[in-house]
Structures are given as structure tokens and as C-alpha cells.
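We count residues from 1, following the sequence as given. Every heavy atom of this structure was used, including side-chain atoms; hydrogens, water molecules and symmetry mates were not.
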Amino acid sequence: MPSKQVAWIEGEVTADLLINKLADEIVNAKIPDTKNRWEKVFEVNEDKWVTYTKTTVANTQGTYKHTDGKTYPVYVLPDLRELISYGGVPLVDADGYVYETLNNSNVKSGKKIQVKEFVYKDDEGKDMTLSIPGLLVVNVDDTDPANTVGKKCFAVQQGKHELDGVTFTPGTEWNEYKLITQVPSDWNDLLVKEKWSVYYVYPSFTYVNVSLYKFGMVKYIANPVHHYDRTVVLKAVPDVPSGQTSNEYFVMLKHPNNQYNYFDVSYGKGFTGKNPVGKSADTYLLACDKTTIIPGKVPVIIDQKQAELQFKKWNNPDETDKYTPPHEAWALDYDDKVEIKSPSSHFFYGADSVVSWVPNKKRRPDYWVEYNLSVSNDRVAIVIEGDPSPDMDAYYSSFAYIGKTIPFADYDHKGNFGITVGMGDLTKEKSGFLPADIKQDSNPNYSGWGRYTSNGMYSFSMLQTRSSVYFQAYYPAFITQLPKYDGVGTIPPELSKMVLEANGFQSSKWTKKYHASPIYLVHQFEGYRGYLDSVVAIEDHNLINKDELVVDTEEPKDPKDPAAGTWTEVYKFFRINTPVNFFKYSPNPTDCTIAILKEVY
């Protein structure tokens, strides 16, 4: 048979589900005469979650919210048990009281404060003792006309009201308080007046006062919202000659958040992935304002206790009822640090609008994307085209090749796997990218494997060279007439006569056939390595997009039975229009395009 059999699949799907649909079509493709070995090994839909950091806010003023709905400051009572005046006069009586005096004659006003301790009965009627020094108190409004001060002083306990709404846990980190009991004596008066004069001896008054309570309050801060893009990973096991060990390769399709112009393609070795566990929404639904859950942005926390709960769950390795995000990893290079994974290549099918009359210039998730797939166990050739509406210019017909190439050397199978995809305009308003974003000398993502690291868009990215250098750039070479080089360069005058007339170039007058060429891959150091499997370059003059090109191979189906006929290949022609693709670094960057094997019969 001249070419391996392929499965041909056509369809369409909305942009938001494109990578899932492509993956399903590939792994479920019915490849004639063989079992499909493509396998889906990882699939995770878009997800987002929130993590938290525990901090301490120093010198936080204690505040208590009373049942009257008002908020009151919290004070801390001083240690006055050994209070003496200037000159050494003891001011605490035998019962533990200190008295207010009115003037320098030391006349007592009749008000006194207990500075040692007092006894109260708890809810069960038991006697309980509270020490005054360091006691936290609040002075709340009292509407009783008999209360001439207009305030009641209560002892409070600092702590936290738990999420059950009943339990109160004592502690010194939260700005929450529970009333214990009313404080006897006249602390309420002292708090209103802010200080008392308690003794005078020339030349100084002795005063007592109460300080506002300040402490280090725990506060949970949300980190920027984590996001995991919709992702599918496929495993490929291409054919190898009898006696050789099969090789496994992994291809990742990743759909960036809220992006409906393209998806990212990367590939490599030794992928392992873990699906998420639990509900990601649990990390933020009760703790944060849902409207602020935006990937990369810091959300607004609305409930510190819920934030604490999620913080503790996240940081407790023994916690079972918590969300665990998806995880991906790749085989490591010899340094046991660098993952053997290619840089992401942006496979475009649409563009943002640049016309003034379109109010929403971004593409929608429900735009349709048409796809055409040619699938064998060795490779997948893909052409996708986005819905052009409402801007008739805002779409691309885009080609990708993923998989093994046909090598010139019989032993070239390990590391013979690569990708190339078509990318959109290098303008911020259309694609969000500038040339510097995908060039090796300006973006370190595309130079991690040396100066000739492939971005998989300008070139064909191959997993390994013969010297085992990863992800190097290979360029297409094919037989073609001299192109016009419109927008690319200037043809030397001596060669200008070799440019064929665009309007006059048809199929051959001699054979009635169109010329097509294998697409060879050449590397700057290695030279020619092989060619794309069942994909050819063809001049697109006077061909209509999606024309089918029939090739009579003249190869007998059965050499012993001439009546069985010869094998026929059918290629489907596509007019590719992505501004960035590997043809742009080829002998014919402007006029050649693609034909892909559809069937062999």
C-alpha cells in the first residue's frame, strides 16, 4: 500500500469544548486495518480555587459588639494592687479598693474601684473569682434612669465564636468577646471620665486610668485566585519496525482561561497527572465575595472564620474533606530538575475584531469551530477554522501536525515525534501577541533548550535530534516554483522571469495534473531528516478550498491479481491563511499550502 490507512473525521463544535472534542475524535477514530492506539490519559475541565495566608495585624484595637447593635472599645484594667502616692502613701485599702478624690484636699467623692479581685456567680450558681489586673472590660450604654453614669462595666473574655454559632473558644487572636459578668464598684465611672484623681501630695496628683486594649489580631488574606485551564493529555505510541521497542509520547491540549481564539499545544515525555479531588468552590463560596473570584486577582474575604477553616484544611495533610487541585508532571531531564516538555504553541482559529462597529471585540465561547482530522497511529494532521461572524475577517484556517514523521534513516524512531501549529496575527488587538512574545531571543520560554529551540509555530518542533537535544527547530523544504514573496522580500531582477503568472497557472497542460511535493524537514546542523507523513505542499492557484485531489498510485493492490486494480489516494486540499506557520520559513512562504491524505482505496 502506498500510504498507511487513515481515519478521516470532519465536524464542528463550540470553541469552549474544542479540545475535548478533538481529543475524543482522535482516540475514538476508526483507523482501517489496525487498532487505534491513541489514548486519553488526562482530562480536567477548567477549575479555580482560593488559598489563604495567615497574618497578624499588630496593635489592633479590641472592639466588642453588644446586643444593642453598638460597638464598644475594649479596655484592659491596670495592676493597681501596690498603688502608692508621691511620697509613699499606700492608696489600696484592706478590702482592695482605691478611692476617687475631688481636689488637692483629698476629699473622697464616694466612688471607689476594686483593684484586686471580685467574686461572681456563674450560670450554674457557682462562685467564681476574677482577678482585676489585666482584666478585659467594656463600658456599654445603660438606659436605666437610676444609673447616673449611664454606663455599665462588664468583664469580657476574648476568643472566637465558632461556625456552629454556639461554641465560644477562648483565645487571644480574634477580635471577638463574650460577656462574663458586670464588674462591681465604679469602674464604669472611671472609664467614662478616662482618669481619676486618687490622691494629692505636694507637688503632684496621683491619677489612675485605663488603657485601650490592643493586641495582635489574626487575619486571613486570600492569595490571588489559582486557576487550572481546561486540559486534555493524549498518549501516542507510533509504529516502529519489528524488533524495536515502541516509544510513548504525550501531547497536551490546554485551553487558556476565557480565550476563544486559540488553544495551546505542547508535548514531551513521561507525563503523569492527577485529577482534582473534592469541590473547588468550597474553597471560596462561603469565605469570599463570589463576584471577586477572578483568576489571578485577589478576592475579597467576607468571612474570616470560613477563611480560617479553608486555611486549616489546606494545610492539614491528614484532612480528607478538602479540595485537592489537579496535578501534572513530566519526565525530568538528566539534571532531575527540568521537565521534558515543549514550550506551548498557540494553535489559532479565530481573532478578536478590530472593526469599530463591533461592540464586543472578543470571540465568544459559543462560536463554532470546524475541524478536519486525518488520524493514524503515527500522527494526526488537523485543520481547524473558526466561525468568522460577526467580523468576516476574524478567523483563520489553521493547520497542525502532531506526531511522527517518515524518517530517511530506518533506525530514526526514538525522539522522532513533533508538532507544528498555525498562529494568528502578531498584533495585540487581534491576537494578544507581539513578535517578541514568541521569539527565542526575547521570550525565555522559547529559548530553554538553546538558541534554536522551536516555538512550534515558525518551525516544526522535534522532540529529539540525533544528539538528543530536545525541542529543536526543523524547517520545511519542498519542490516549488519561485514564489512572488509578497510581503516577505524582494526577488532579484535576474530571477523575476521565473515567477509564474498567478492567473494563468493551472494544472499541467501535459498531464492534466496538479503538482504536489512531500514536505521535507531540515535542521541547520543535521540536514534532512525525513518528511511529513501523508501531508504534501501544493500551489493553491486555481484550487478551491477543500477540493479533493485523487492520486492513482499505479501500485497494484495484488501483484498476483491485476484485475484487483491499483491503489488510489485521496488528498483534501486546504487553503491555510494563518499569518504565522512553518511555511513562512520555507522556499515558498506565500503561495504554497496543504493537502492531507483523506483515504486510500
Side-chain angles (χ1 to χ4, degrees), residues 4 6 22-23 26-27 29 31 34 36-42 232-241 244-254 264-272 328 330-333 338-345 347 373-382 399-421 446 448-450 452-476 518-523 526 528-535 582 596-597:
K4 286 186 177 180
V6 297
L22 290 179
I26 292 170
V27 300
I31 305 173
T34 188
N36 186 337
R37 291 195 300 275
W38 286 92
E39 181 183 351
K40 187 193 301 181
V41 295
F42 186 69
V232 183
V233 178
L234 302 177
K235 181 174 77 173
V237 185
D239 290 328
V240 294
Q244 291 199 28
T245 302
S246 298
N247 302 291
E248 294 181 349
Y249 307 99
F250 297 87
V251 180
M252 174 177 283
L253 312 179
K254 192 176 281 284
D264 284 331
V265 183
S266 54
Y267 72 107
K269 294 169 64 174
F271 172 84
T272 55
E328 61 182 64
W330 299 76
L332 300 179
D333 200 6
V338 180
E339 290 186 324
I340 304 175
K341 175 190 176 186
S342 73
S344 294
S345 302
F347 191 12
L373 301 174
S374 174
V375 183
S376 74
N377 282 323
D378 286 347
R379 95 304 175 253
V380 179
I382 308 173
F399 168 74
Y401 185 102
I402 301 171
K404 182 181 175 182
T405 65
I406 298 177
F408 290 139
D410 292 339
Y411 58 84
D412 181 13
H413 299 282
K414 182 180 179 180
N416 180 355
F417 194 93
I419 66 167
T420 190
V421 305
Y446 296 109
W449 301 92
Y452 297 118
T453 304
S454 173
N455 61 22
M457 295 171 280
Y458 275 133
S459 57
F460 190 97
S461 171
M462 192 72 87
L463 180 65
Q464 286 176 274
T465 66
R466 187 173 180 274
S467 300
S468 294
V469 181
Y470 288 107
F471 309 119
Q472 296 299 286
Y474 287 72
Y475 296 96
I519 301 175
Y520 304 101
L521 295 177
V522 61
H523 182 265
E526 291 189 333
Y528 286 84
R529 180 167 182 175
Y531 54 97
L532 298 190
D533 184 357
S534 304
V535 177
F582 79 142
I596 303 170
L597 183 66

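- Here the rule is ring-ring contact (aromatic ring centres under 6.0 Å, His included) with F460, and of Y474, Y401, Y267, F471 only Y401 fits it.
- Side-chain contact between E526 and Q472 is absent, with no heavy atoms from C-beta onward closer than 4.5 Å.
- Atoms CG and OH, from D533 and Y531 in turn, are 8.0 Å apart once rounded to the nearest 0.5 Å.
- Between M462 and N416 the shortest side-chain heavy-atom distance falls below 4.5 Å.
- Of the inter-residue distances, the one linking N377 atom CG with I31 atom CD1 reads 4.0 Å to the nearest 0.5 angstrom.
- In this structure a side-chain-to-backbone donor-acceptor pair under 3.5 Å is present from N36 to I26.
- With hydrogens and angles ignored, the 3.5 Å screen pairs no side-chain donor or acceptor of T405 with any backbone N or O of P407.
- Aromatic ring orientation, W449 versus Y470: perpendicular (interplanar angle above 60°, classes split at 30° and 60°).
- A salt bridge links D239 to R37: one of the charged nitrogens lies within less than 4.0 Å of a carboxylate oxygen.
- For the residue pair S374 / R379, a side-chain donor-acceptor distance below 3.5 Å is found, with atom types taken as modelled.
- Under a 3.5 Å cut-off, the side chain of N455 and the backbone N or O of Y446 do not form any donor-acceptor pair.
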Apply the test side-chain contact (heavy atoms from CB on, under 4.5 Å) to residues R466 and H523: give CA-CA distance (whole Å), side-chain angles for both, the deciding distance (0.1 Å), then the verdict.
CA-CA 11 Å; R466 187 173 180 274; H523 182 265; over 6 Å; no
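- The structure places CG of L532 at 13.0 Å from CG of L597, a figure rounded to the nearest 0.5 Å.
- Looking only at distances, no side-chain donor or acceptor of S467 sits under 3.5 Å from a matching main-chain atom of V469.
- The distance from atom CG of N247 to atom NZ of K414, rounded to the nearest 0.5 Å, is 7.5 Å.
- Here the side chains of S345 and I419 are in contact, with some heavy-atom distance below 4.5 Å.
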Give the C-alpha distance, both sets of side-chain angles, the deciding distance and a yes or no for ring pair (Phe, Tyr, Trp, His ring centres under 6.0 Å) between F271 and F42.
CA-CA 9 Å; F271 172 84; F42 186 69; 5.4 Å; yes
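- The two residues G415 and L463 make their nearest non-hydrogen contact at O-CB, 3.5 Å.
- Each of I340, T272, V233 was evaluated against F250; a single residue qualifies, V233, per the side-chain contact (heavy atoms from CB on, under 4.5 Å) test.
- A salt bridge links D378 to K4: at least one charged side-chain nitrogen sits closer than 4.0 Å to a carboxylate oxygen.
- Counting all heavy atoms, side chain and backbone alike, L234 lies closest to K40 at CD2-CA, 3.8 Å.
- Y475 contributes no side-chain N or O that, together with a main-chain N or O of Y458, makes up a donor-acceptor pair within less than 3.5 Å.
- In this structure, W330 and M252 approach most closely via the heavy-atom pair CZ2-CE, 3.8 Å.
- Checked by atom type and distance alone, the side chain of S266 never pairs as donor or acceptor with a backbone atom of S342 at under 3.5 Å.
- Smallest separation of non-hydrogen atoms from Q244 and Y411: NE2-CA, 4.1 Å.
- You'll find the side chain of L253 reaches within 4.5 Å of the side chain of V265, heavy atoms only.
- Considering every non-hydrogen atom in both K254 and E328, the closest pair reads NZ-OE1, 3.4 Å.
- T420 and S459 make their closest contact through OG1-O, 3.0 Å (heavy atoms, listed as atom of the first residue, atom of the second, distance).
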